[in-house]
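One structure is given below, encoded as structure tokens.
In this text the structure is predicted, and so the values were computed from the model without any measurement.
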Amino acid sequence: MNTILIKGAAILGGDPADILIRDGVIAEIGDLAGAAAELTVDAAGLVALPGLVDLHTHLREPGREDAETVETGTQAAARGGYTAVHAMANTSPVADTAGVVEQVWRLGQEYGHCDVQPIGAVTSGLEGRQLAELGAMADSAARVRVFSDDGKCVSDAVLMRRALEYVKAFDGVVAQHAQEPRLTEGAQLNEGEVSGRLGLNGWPAVAEEAIIARDCLLAAHVGSRLHVCHVSTAGSVEILRWAKSKGWDVTAEVTPHHLLLTDSCAESSPVGPYNPIYKVNPPLRTEEDVRALREALADGTIDCVATDHAPHPVEDKETEWSVAAMGMIGLETALQVVQEAMVDTGLLDWAGVADRMSVRPARIGRLAGHGLPVQAGAPANITLYDPSPRALVDPSAMASRSRNTPYEGMTLPGRVVATFLRGRPTVLEGKLV
């Protein structure tokens with residue numbers, strides 16, 4: 001359909017207005033009572049946001065299609081209000097060559113319910129020994145601009161420096177998984193009172209903070225761009241705040257689960273302690289850390305929310321804690337969690353949500369056509385969200401191929417009603433189109 005009329009949406013939570021979409025572009029905004037359209041969407045009571053952008057999604061394809069595929073992962077993304085996701089490199093084979101990133105990009109073109117922008121590995125095979133084909137991936141059809149060994153830290157300082165120097169040639173960014181490996185050998189849960197009571201090996205905050213501090217200094221030294229993945233500690237926030245005060249080109253993300261959940265979940269789960277649904281990397285931290293992360297997202301020290309959507313099949317999660325896979329799915333619940341943690345607490349308004357979940361991640365990822373204001377002339381990448389309902393989270397109703405959500409049985413606010421990708425509805429009335 002070439003014309004769509006969205007009636008009475010509150011753009012960024014403001015006054016209701018009509019939005020006319022024509023040929024994939026926002027044509028007019030205002031009181032458009034007489035406008036003709038092939039599809040009219042009643043958006044009374046709904047908030048209109050620019051389509052969400054995720055900087056950190058694991059789509060698992062190629063190699064682990066039993067956990068997720070590009071098709072199912074982007075269906076989950078669309079259900080969550082996303083119009084673009086960045087697909088992480090830890091696939092099998094690893095996305096460390098132009099051929100593999102182009103494969104992921106083409107899968108997104110063919111099967112994606114949102115745009116799929118591959119992230120390339122920093123090192124070959126994620127092994128941390130030599131740089132991957134950064135330039136070839138940047139020049140490929142996928143036009144890769146973000147590089148990460150996520151799941152593993154680029155722990156070698158010399159290699160990290162070389163990567164930061166290399167990506168300057170094409171305005172790239174290195175996204176670091178900050179985890180000093182020697183300090184986290186055998187680590188299972190945040191190092192603290194809960195890990196002590198449960199007898200699980202502690203995961204110290206300093207293992208994250210030390211890498212962030214080192215990499216901020218390296219990025220400043222070579223004049224390059226650094227992005228810090230899934231920040232989880234109050235100490236990390238202070239280091240980032242210091243680095244930004246210096247004017248260094250450092251950005252950071254926080255996950256929804258680190259904004260809402262704490263390490264106490266591992267002890268007081270509804271099904272008892274040691275529930276591996278809460279096993280994640282980096283681990284859930286303390287209430288103090290959660291408060292610091294929320295404040296940092298509100299004041300801009302942390303730039304954006306990224307899901308770290310990490311699907312796993314049942315057999316990899318429903319097992320004993322020590323051998324369970326790390327990770328949680330999060331695309332379909334991210335906006336709800338952000339409403340609970342940030343909007344309903346008064347820390348962010350809807351304009352702030354749009355900035356942290358669309359504008360900034362698109363800018364960091366150099367993703368053209370996304371993260372733009374909902375205004376005439378812009379591509380019609382739009383999410384319609386109803387903040388009023390509250391409902392139990394039901395994993396069986398999710399689009400993701402995996403069901404490892406930590407929010408099962410929790411009541412969360414809000415619901416994505418519709419998602420439009422360049423004027424094409426991917427979700428209407430909460431259902432995939």
Answer yes or no: is there a donor N or O on one side and an acceptor on the other, between the side chain of [X] and the main chain of [Y], under 3.5 Å?
{"X": "K279", "Y": "A324", "answer": "yes"}
{"X": "E65", "Y": "G63", "answer": "yes"}
{"X": "T72", "Y": "E68", "answer": "no"}
{"X": "T57", "Y": "L59", "answer": "no"}
{"X": "H258", "Y": "P282", "answer": "yes"}
{"X": "N190", "Y": "P283", "answer": "no"}
{"X": "T83", "Y": "L421", "answer": "no"}
{"X": "R64", "Y": "E61", "answer": "no"}
{"X": "R403", "Y": "S400", "answer": "yes"}
{"X": "T184", "Y": "W203", "answer": "no"}

Where is the tightest heavy-atom contact between A142 and E102, given as atom of each residue plus distance? N-CG, 4.2 Å
Salt-bridge test for [X] and [Y]: reply yes if a basic N is under 4.0 Å from a carboxylate O, no otherwise.
{"X": "D66", "Y": "R60", "answer": "no"}
{"X": "R22", "Y": "E38", "answer": "no"}
{"X": "R294", "Y": "D289", "answer": "no"}
{"X": "D18", "Y": "K7", "answer": "yes"}
{"X": "D299", "Y": "R241", "answer": "yes"}
{"X": "K244", "Y": "D249", "answer": "no"}
{"X": "D171", "Y": "R225", "answer": "yes"}

Quick one, R415 with E332, criterion salt bridge (Lys or Arg N to Asp or Glu O under 4.0 Å). Give me CA distance, side-chain angles, the key distance, then yes/no. CA-CA 9 Å; R415 181 175 78 103; E332 294 172 74; over 6 Å; no
Should [X] and [Y] count as side-chain neighbours, where that means a heavy-atom distance under 4.5 Å?
{"X": "V353", "Y": "L335", "value": "yes"}
{"X": "L46", "Y": "I6", "value": "no"}
{"X": "V228", "Y": "V231", "value": "yes"}
{"X": "L200", "Y": "W321", "value": "yes"}
{"X": "F147", "Y": "Y166", "value": "no"}
{"X": "L39", "Y": "L5", "value": "no"}

Run the side-chain contact (heavy atoms from CB on, under 4.5 Å) check on Y407 and L260 step by step: do they pass? CA-CA 10 Å; Y407 309 113; L260 191 64; 3.9 Å; yes
Any donor-acceptor N or O pair under 3.5 Å, side chains D149, H177: no
Distance-only polar pair, side chains of H312 and N404, donor-acceptor under 3.5 Å: no
For N281, which of H230, K152, Q179 qualifies under side chain to side chain donor-acceptor pair (under 3.5 Å)? Q179
